[in-house]
Chemist: 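Quick one: this structure, given as structure tokens, is what I'll be asking you about.
Residue numbers start from 1 in every chain, and the chains themselves are labelled A, B, ... in the order their sequence lines are given, proteins ahead of strands. Worth knowing before you read on, the calculation uses all heavy atoms, side chains too, and leaves out hydrogens, waters and symmetry mates.
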Number of protein chains: 2
Amino acid sequence: MPIRLKDIAQELGVSTVTVSKVLRGNPDIGVKTRARVLERLNALNYRPNMAARGLATGKTFTVGLIVPDLLQPFFAHFAKELGGVLRQHDRALLLASSEEDPKIEAQEILALIQRGVDVLVLASCRDELLPVPELSALPVPLVLFDRRFKRMKANFVGSDDVGAGELATRHLIELNRKRIAHIGGLQTSPARDRTAGYLRALERTGRKIDERYLVLRKRLEERGDDIGFSCMQGLLALRRPPDAVFCYNDMTAIGAIQATLQAGLKIPREMAIIGCGNFRYADYLQVPLSSIDQDTAELGRAAARLTLSIADSPQARVQSIVLKPRLVIRQSSAPPSLKISR
Amino acid sequence: MPIRLKDIAQELGVSTVTVSKVLRGNPDIGVKTRARVLERLNALNYRPNMAARGLATGKTFTVGLIVPDLLQPFFAHFAKELGGVLRQHDRALLLASSEEDPKIEAQEILALIQRGVDVLVLASCRDELLPVPELSALPVPLVLFDRRFKRMKANFVGSDDVGAGELATRHLIELNRKRIAHIGGLQTSPARDRTAGYLRALERTGRKIDERYLVLRKRLEERGDDIGFSCMQGLLALRRPPDAVFCYNDMTAIGAIQATLQAGLKIPREMAIIGCGNFRYADYLQVPLSSIDQDTAELGRAAARLTLSIADSPQARVQSIVLKPRLVIRQSSAPPSLKISR
DNA sequence: GTGAAAGCGCTAACAG
DNA sequence: CTGTTAGCGCTTTCAC
């Protein structure tokens, strides 16, 4: 049995309240008593029972995180950074995965609420365009990340995905590519925004949009490589195939690269390819992959800071933190002049 | 305010005890009462307050998981599978990362104990050879995974790493390689075991061991690519460089591949390389990487089953679950005859 | 079959 | 400054 407040109080001949106050740094207590208690507390390496504290205070010092899929390096990285900061503030992280299934997501939300998390951090797998009544009336403060909802006013931490799409596409334009395609997603806000950025870049540089070069698919988040592969095959089968492609994410780009090479084309000379996410292995791929970096680590830390501030004052004003993306050029879209070192 | 047992009891004019018993399926209660209560419970979508239940029962229906680094796909995958099974059994997963730092690990262990997890699942970053008094006397059931301790009798779930090393090395032997090197780790049991497997394969096939081909380094778990790169450079600088290398893990192998290609050698013709872990991107690397598959998903599920059984009967007999590894041949160690399709 | 009483370990509010 | 009282929501024990 672990040691309890009461035990220490008895030993020292004071009340449990006194010990409790010392424990929490309440200034009520006199210097001498405080010293005595503190000494005992440390000597015995006392740890408060969080369940009891939670029951008494209504707070659990726990944060819930729901990601669509921990296998995606982005979510793993985010979780790692979030957890790291929370640890330093003595908060625990309850992790759940929705497997990109809205049903499971709903179930996990309930489970985490039931456990009384102080804040819920969520990258929802619900369709961006569907109504979200459940999410808007949660009995716990919510922080959305990566994926947001148009009609919903909520705390958010994520990337400027329109900017990311525009950045990637402009880069391809600057390479002097004439037929720039896009393989994109349909259901999440990052997917839609990156596509919007693609379109915007084309429009702003006075290009007309050719719909044959715009390939949108569902479930690109989960099976990017397969889908990227087949979409690219489709593009290559066009009478005038594109000479550059901006892919929704890095896995999609990997699939596109495979299809391109298999068709016997040279990358980047005949086909420039860029992904998004800048995942850890981009340097080591068959063709090192250009990508858009989202600074996932900072995203996680920013979410942690927001989460902590909300945990302390749950009725704070709704905040939106949006990080600027950054272009990382590698072999897959290297300009002819540029020598890329691995 | 969420709804409480007491609310339902009052509404129905029964005692909280009755409701509580119905909730937990206690057979005490009569059919009619039970039906009435059940109906109300569902209608209101009642969820017990876990903090209160935890305080009353001493159980939290929560499992703690500590991994060295969530960025390593192995640990992310394991966490995903473990969490998935636990979810189906209404257990929550408290996730912590030790960042490969024994100090942080100790801190996290304390934090999770304090939160009253029912079982602690741990891939420890402590040196396999150091004594582990803290771990042996935990006030909570422990399941080690991936990394074990020689002198410690504890529940364990992991791979047969000696077998993995032997499998990889035998494969290189069967390729008819004459100078087979190994880049391995020093501190964890998988590292030592894989090295042991390498040595065993050489011995069993009557080869003598050349220590110049055995390169062991610390911290290979965290910075495999860098360290693999420099170790390989060292091997290539030998008067008679190896013609094959078994690398501790896939990241290390990636580094070794880079160094090999940079030196102008052909893979696999002049240098066969094999890693371990069979991570998700092995197919897409510059040279598709042969590897040893550990069936991480099954590892996670097995750990979940063990964890659940321990949660139900904490004093059960100590168990060790060891999965057989599987060889996956790709381009980096393809026999001349074999055509490997991507 | 059902419920009253007691308590899990802690904290909030107030009285001294 | 310190301690008493009451209670967080649930379960357990044991009468009825």
Chemist: Take the protein atom CZ of B:R24 and the nucleotide atom P of D:dT13, then report the distance between them rounded to whole Å.
Modeler: 10 Å
Chemist: Applying salt bridge (Lys or Arg N to Asp or Glu O under 4.0 Å) as the test, list every pair that has at least one member in residues 51-79 of chain A; sequence neighbours left out.
Modeler: A:D69-B:K80
Chemist: side-chain contact (heavy atoms from CB on, under 4.5 Å) with A:A51: which residues, sequence neighbours excluded?
Modeler: A:N49
Chemist: Whole angstrom is fine here: how far is it from CE in A:M50 over to P in D:dC8?
Modeler: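 Roughly 21 Å, once rounded to whole Å.
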Chemist: For the side chain of B:L5, counting heavy atoms from C-beta on, which of D:dT11, D:dG3, C:dC10 is nearest?
Modeler: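 Of the options given, the side chain of B:L5 lies nearest D:dT11.
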Chemist: In whole angstrom, give the distance that lies between atom CG of B:N26 and atom C1' of D:dT13.
Modeler: 12 Å
Chemist: If you check every side-chain atom of A:N49, which of D:dG9, C:dG9, D:dT12 has the closest atom?
Modeler: C:dG9
Chemist: Round to the nearest Å and state the distance from A:L23 atom CG to D:dT2 atom P.
Modeler: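 Between P of D:dT2 and CG of A:L23: 16 Å.
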Chemist: Choose from D:dT2, C:dG9, C:dT2 the nucleotide whose nearest atom is closest to any side-chain atom of B:I29.
Modeler: C:dT2
Chemist: Starting at atom NZ of A:K6, determine the distance to atom P of C:dC8, rounded to an integer number of angstrom.
Modeler: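 Computing the A:K6:NZ to C:dC8:P distance gives 5 Å.
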Chemist: Of all the nucleotides listed (C:dT11, C:dG3, D:dG3), which has the minimum atom distance to the side chain of A:T16?
Modeler: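 The answer is C:dT11, which lies nearest to the side chain.
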Chemist: Answer yes or no: is there an ion pair linking B:R219 with B:E100, defined by an N-O contact shorter than 4.0 Å?
Modeler: no
Chemist: C:dC8 C1' sits how many Å from B:K59 NZ, rounded?
Modeler: 16 Å
Chemist: Taking the side chain as every heavy atom from C-beta outward, state whether B:S189 and B:K150 have any pair of such atoms under 4.5 Å apart.
Modeler: no
Chemist: Determine whether any donor atom in the side chain of B:K21 lies under 3.5 Å from an acceptor atom in the base of C:dG1, or the reverse, and answer yes or no.
Modeler: no
Chemist: Return the value, rounded to whole Å, for the distance between atom CZ of A:R47 and atom P of C:dC10.
Modeler: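 In whole Å, C:dC10 P and A:R47 CZ are 13 Å from each other.
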Chemist: Establish, with yes or no, whether the OP1 or OP2 oxygen of D:dG3 is under 4.0 angstrom from a side-chain nitrogen or oxygen of A:T18.
Modeler: yes
Chemist: Grab the CG-C1' distance between B:D28 and D:dA15 for me, whole Å please.
Modeler: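 That distance rounds to 13 Å.
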Chemist: Considering only D:dT5, C:dC10, D:dG9, which nucleotide approaches the side chain of A:V17 most closely?
Modeler: D:dT5
Chemist: Starting the side chain at C-beta, find the nucleotide from C:dG3, D:dC10, C:dT11 nearest to B:V14.
Modeler: C:dG3
Chemist: Would you mind telling me which of D:dC8, D:dT11, D:dT4 lies closest to the side-chain atoms of B:R53?
Modeler: D:dT11
Chemist: Looking at B:S15, does any N or O in its side chain come under 4.0 Å of the phosphate oxygens OP1/OP2 on C:dT2?
Modeler: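 False: B:S15 side-chain N/O out of range (4.0 Å or more) of C:dT2 OP1/OP2.
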Chemist: Of all the choices, D:dT4, D:dT11, D:dC8, which nucleotide is nearest to the side chain of A:L55 once you look at every atom?
Modeler: D:dC8
Chemist: For A:E128, which of A:R147, A:R192, A:R151 qualifies under salt bridge (Lys or Arg N to Asp or Glu O under 4.0 Å)?
Modeler: A:R192
Chemist: Compare the minimum distances between each of C:dC8, D:dC8, D:dT2 and the side chain of B:A56, then state the nucleotide with the smallest one.
Modeler: C:dC8
